Protein chains: 2
Amino acid sequence: MAKLQKSIDKRNALVKATIELVNNNGFHATPMSKIAKMAKVSPATIYLYFENKQDLVNQTYIEVKAQYTSYAFETYNETMSVEEGFKLIWNRIADFKLKECENAMFLAQCDNTPMIDEESRQEGIKHLQPLLDLWERGRKEGIIKPLSDYLLYAYAINPLSFLMIIQKRGVFTLDKTHLEEAYQSAWSSIKVCQ
Amino acid sequence: MAKLQKSIDKRNALVKATIELVNNNGFHATPMSKIAKMAKVSPATIYLYFENKQDLVNQTYIEVKAQYTSYAFETYNETMSVEEGFKLIWNRIADFKLKECENAMFLAQCDNTPMIDEESRQEGIKHLQPLLDLWERGRKEGIIKPLSDYLLYAYAINPLSFLMIIQKRGVFTLDKTHLEEAYQSAWSSIKVCQ
DNA sequence: AAAAAAAGAATGAACGTTCATTTTTACATA
DNA sequence: TATGTAAAAATGAACGTTCATTCTTTTTTT
């Protein structure tokens, strides 16, 4: 039970500092010493909570990914119609990416670089199951195009990542109108026409 | 004229090695010494062609981006209809991402991390102008939805990046059928209905 | 007062870059 | 064509710094 006694606050501070620093500098350009400093902790203390730097970033990734999907599906349930369900999930994801912008950026970076272990990556993918189930149902009902899960994901959900990154760079800003339009694009791209 | 005498082959080898190593290990985990070794050159030689490591990766980014867009627009001309033009460009981009998979991966990593200077990023964006012009024309003709350029890009073109990355991970493989379906999704998401 | 947690300082390896030197190239002269 | 030479290009080794991790000691908790 030793581990339970350790302050969970310190662990959280470390994870938070990791996200912020990796967002701004990238994984290998954020020294453990800086993470420690931002979390107001000694570098040596990090090693009480994590095996090493790789473990720290892996765990952070899995944690943020879990947070992301749990937020996405929180208000969804399987009795909804496919269209309703998709709209709800899509909007929750958009919400998350706007409100938890730092977390979303971190996930995008992890997903596009070799900084995460293959094992942790697989772990992160599992959480998407409810969405895959919804699509399966949609295809059976003839509402969603009979495409592979990844194609659906690429056209319906993933563009949001790109928009958030562009937004972060200050090239343009997303507002409510954009989001409604983006949702319409997403839905057009995966629904069966007519 | 001194610079012109330097072997262009060495420079190319350095750029190529950078792409491969950064793809596999990330920017900060690829030492100059390894880049030099892969390019069959002394570490010191790199500094005859590039100011420093940052300059090397910036120049590599701009070069690959230019290559990408030049390939994308090579066979396009403004006398084509909007729908034809879009289909052509979309397919050229898909081609590039399949054939020049390493290069495409490298761009995705650059675009999702802080590893590239802001200035070089801006430089890279400029090359997309022909696509923006096509969309402008499409909007005027009432064929393309009246959305912002980045929204159009996010739903029409960017999903391809995601698909290539998933493909690279071995989670699924893209074939000709997928590409045709993906194109249909892309077009559905940006064309005016009816 | 024993055990757990935390700290700062220390360690050794790895890195980007530079330095001193050697090798190659370009070209003028014979 | 052959030879000499100065500049350019290329090199391997070395330098100083930074970093992840560990070690020893101190502080906190039970």
Side-chain angles (χ1 to χ4, degrees), chain A residues 1-61 106 109-110 113-117 120, chain B residues 1-61 106 109-110 113-117 120:
Chain A
M1 298 301 105
K3 294 218 166 180
L4 287 183
Q5 295 171 340
K6 294 183 192 173
S7 153
I8 193 73
D9 289 345
K10 284 208 175 120
R11 216 195 91 107
N12 289 342
L14 284 167
V15 166
K16 195 163 182 290
T18 302
I19 293 167
E20 183 170 339
L21 289 168
V22 168
N23 271 348
N24 290 328
N25 309 106
F27 174 49
H28 287 287
T30 57
M32 296 296 259
S33 57
K34 269 195 195 164
I35 296 176
K37 192 167 284 177
M38 182 171 276
K40 285 173 183 157
V41 139
S42 156
T45 304
I46 302 182
Y47 293 85
L48 299 176
Y49 295 86
F50 304 94
E51 262 179 55
N52 50 37
K53 196 180 178 187
Q54 187 63 55
D55 182 47
L56 165 60
V57 79
N58 283 342
Q59 288 203 39
T60 301
Y61 173 73
F106 180 77
Q109 188 169 171
C110 292
T113 65
M115 94 193 212
I116 298 291
D117 280 352
S120 303
Chain B
M1 298 302 104
K3 296 218 163 181
L4 287 183
Q5 293 171 343
K6 292 185 192 172
S7 154
I8 193 72
D9 288 346
K10 285 210 174 119
R11 215 196 92 107
N12 288 343
L14 284 167
V15 166
K16 193 160 182 291
T18 302
I19 294 167
E20 182 169 341
L21 289 169
V22 168
N23 272 348
N24 289 328
N25 309 106
F27 174 49
H28 287 288
T30 55
M32 294 296 258
S33 56
K34 269 194 196 163
I35 297 176
K37 192 168 284 176
M38 182 171 276
K40 286 175 184 158
V41 138
S42 157
T45 304
I46 302 182
Y47 293 85
L48 300 175
Y49 295 87
F50 304 94
E51 262 179 55
N52 49 39
K53 196 182 178 186
Q54 187 63 55
D55 182 46
L56 166 60
V57 79
N58 283 341
Q59 287 202 38
T60 302
Y61 173 72
F106 180 77
Q109 187 168 173
C110 291
T113 65
M115 95 192 209
I116 297 292
D117 279 353
S120 304

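Every chain is numbered from 1 and lettered A, B, ... according to where its sequence line falls, protein lines coming before strand lines. These numbers come from a predicted model, not from an experiment.
- A/Glu51 pairs by the side chain to side chain donor-acceptor pair (under 3.5 Å) definition with nothing, not counting sequence neighbours.
- No side-chain heavy atom of B/Leu48 sits less than 4.5 Å from a side-chain heavy atom of B/Lys10.
- Residue A/Lys40 contributes atom NZ, which lies 16 Å from atom P of C/dA6 at whole-angstrom precision.
- Evaluation of the side chain to side chain donor-acceptor pair (under 3.5 Å) rule for A/Asp117 yields A/Asn58 as partners, not counting sequence neighbours.
- With rounding to whole Å, B/Arg11 atom CZ is found 17 Å from D/dA10 atom C1'.
- Partners of A/Asn23 under the side chain to side chain donor-acceptor pair (under 3.5 Å) rule, at least two apart in sequence or in another chain, are A/Glu102.
- When all heavy atoms of B/Thr30 and B/Lys53 are compared, the pair lying nearest together is O-NZ, 3.1 Å.
- The side chain to side chain donor-acceptor pair (under 3.5 Å) contacts involving residues 36-48 of chain B comprise nothing, where partners must be two or more places apart or lie in separate chains.
- Here salt bridge (Lys or Arg N to Asp or Glu O under 4.0 Å) pairs that include residues 11-29 of chain B, with residues two or more places apart or in two chains, are B/Arg11-B/Glu63.
- Rounded to a whole Å, the CG atom of B/Leu14 is 15 Å from the P atom of D/dA9.
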A correct 5'-to-3' footprint of nucleotides 19-26 of chain D, with B, S and - meaning base, sugar-phosphate only and no protein heavy atom under 4.0 Å, is SSBBB---
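- Straight-line distance from the CZ atom of B/Phe50 to the P atom of C/dG16: 15 Å, rounded to whole Å.
- Relative to the axis of its first five pairs, the axis of the last five pairs of the helix from C/dA1-D/dT30 to C/dA30-D/dT1 sits at 10°, rounded to 10 degrees.
- The side chain to side chain contact (heavy atoms under 4.5 Å, CB included) check on B/Pro114 picks up A/Gln109, with sequence neighbours excluded.
- Look at NZ on B/Lys37: it is 11 Å from P on D/dA13, rounded to the nearest Å.
- Take B/Asn24 and apply the side chain to side chain donor-acceptor pair (under 3.5 Å) test, not counting sequence neighbours, and it matches no residue.
- Comparing D/dT11, C/dA6, C/dA7 against the side chain of B/Ser42 picks out D/dT11 as the nearest.
- Rounded to a whole Å, the CD1 atom of B/Ile8 is 12 Å from the P atom of D/dA9.
- If you take CD1 of A/Ile46 and P of C/dA6, they are 12 Å apart, rounded to a whole angstrom.
- In this structure, B/Thr45 reaches the D/dT11 phosphate: one of its side-chain N or O atoms is under 4.0 Å from OP1 or OP2.
- The interatomic distance linking A/Leu48 (CG) with D/dT28 (P) rounds to 16 Å, in whole Å.
- Listed pair B/Lys10 / D/dA9 fails the phosphate criterion, with no side-chain N or O lying under 4.0 Å from OP1 or OP2.
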